[in-house]
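Beneath this line is the structure, given in structure tokens, with notes to follow.
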Amino acid sequence: MAKVLIVDDSATMRKIIMRVLRQAELKVEDVLEAGNGIEGLAALGKAPDIGLILSDVNMPQMNGLEFVKKVREAHPKEKLPMVMITTEGGEAMVQQAMSNGANGYVTKPFTPESIRTALAGFIG
Amino acid sequence: MSNSTHLPSREELLDVLRASVHEVFSSTVTTFKQAAQVSQQGEIAVALEDENGVRVTASIDLEASVSFKGSLAGSVVVRCSAQGAMDIARGLLMLDATTSLAVPEIEDALGECANMVSGVLKRRALDPRGTFELGLPEIRRVPKAIGKPGGMLVYQLSEGVVSMELWLDESP
């Protein structure tokens with residue numbers, strides 16, 4: 001069972017992701033929310049037992065690409081998986097996210113099936 | 001669409017916008033149908049014909065836009081009647097027709113809808129042509145012209161109406 005942090009500036013999208021996580025029947029123990037990268041780092045500081053981060057890319061104040069880079073300064077890829085959930089699934093963005101330390105990505109709009117497939121390796 | 005450096009034409013962009021709306025609505029808004037469009041882009045109400053050819057008019061009460069910038073610049077704008085915005089919010093949040101939502105929830109959902117449609121448009125039509133950046137969603141209760149009209153698609157949702165519009169900057 002994993003504690004999951006969802007980072008997205010849209011409350012609507014955070015609710016959708018939470019619902020889809022339930023529908024996908026993944027082993028999620030608890031879900032924490034943050035509205036941008038800065039809030040995401042604060043949440044991670046308060047809850048170091050977070051086991052998976054799902055992050056948007058295009059966000060105010062600190063975007064997802066910067067956020068993943070910051071997280072990787074303290075948390076190696078193998079210990080804390082990060083999956084980007086974004087409308088921007090272009091090749092350049094994906095390469096940038098992966099080189100900054102993301103473990104995977106899902107493009108919006110998504111289905112419970114695509115979420116299950118993308119996250120199955122990180123939470124069963 | 002082929003991988004080339006030439007910029008997409010207005011018609012190509014509108015075709016991709018149609019496909020993008022379809023991709024987003026198919027997985028979120030359960031009942032939608034593209035309607036025959038009668039009014040002009042930029043008007044404060046949209047007119048459309050229903051399946052019996054009867055012209056109906058819906059006011060535009062809320063709009064969300066997301067800009068794109070690169071060798072071509074413009075905005076994707078989602079303009080809705082109040083009921084259309086509610087339809088989109090309920091669809092995205094998977095709520096039934098009896099659930100009421102607060103205005104900030106509806107506005108946020110409309111912004112996310114604009115974000116997803118513009119993201120799909122960027123992925124399909126713009127990314128193969130160069131480097132483009134998307135802005136963050138902006139919400140307005142008073143519709144605003146953003147550059148020059150690039151085309152509009154009008155949809156009848158469960159109970160409301162939505163106009164998906166493309167605006168292009170005057171000078172790219």
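Convention: sequence-line order gives letters A, B, ...; per-chain numbering from 1. Only a predicted model underlies this, so the values are computations on that prediction, with no experimental measurement involved.
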Chain B contact residues among residues 68-80 of chain A, heavy-atom distance under 4.5 Å: none
Any side-chain heavy-atom pair of B:Leu93 and B:Leu101 under 4.5 Å: yes
Distance in Å, A:Met1 CE paired with A:Lys27 NZ, rounded so as to fall on 0.5 Å steps: 8.5 Å
Chain A-proximal positions within residues 104-112 of chain B [heavy-atom distance under 4.5 Å]: B:Glu105, B:Asp108, B:Ala109, B:Glu112
Within 6.0 Å of OH in A:Tyr105, more than 12 heavy atoms from elsewhere: no
Side chains of A:Lys108 and A:Ile85 in contact at under 4.5 Å (non-hydrogen atoms): yes
Pairwise distance CD1(A:Ile115) to CZ(A:Arg19) - rounded to 0.5 angstrom: 14.0 Å
Hydrophobic cluster membership, A:Ile53 vs A:Ile17, 4.5 Å side-chain cutoff: no
Close side-chain approach of B:Arg140 to B:Ser65, heavy-atom, < 4.5 Å: yes
Side-chain donor-acceptor pair present, B:Ser20, B:Arg123, cut-off under 3.5 Å: no
Chain B contact via A:Met59 - which portion, at a heavy-atom distance below 4.5 Å: backbone
4.5 Å side-chain heavy-atom contact, B:Leu121 and B:Phe132: no
Residue A:Ala11 versus chain B: region with a heavy atom under 4.5 Å: both
Short side-chain donor-acceptor distance under 3.5 Å, B:Ser163 and B:Glu165: yes
Contact winner vs chain A - B:Met94, B:Glu23, B:Lys122, heavy-atom pairs under 4.5 Å: B:Met94
Region of A:Thr111 that comes under 4.5 Å of a non-hydrogen atom in chain B: neither
B:Glu11 CD: over 12 foreign heavy atoms closer than 6.0 Å: yes
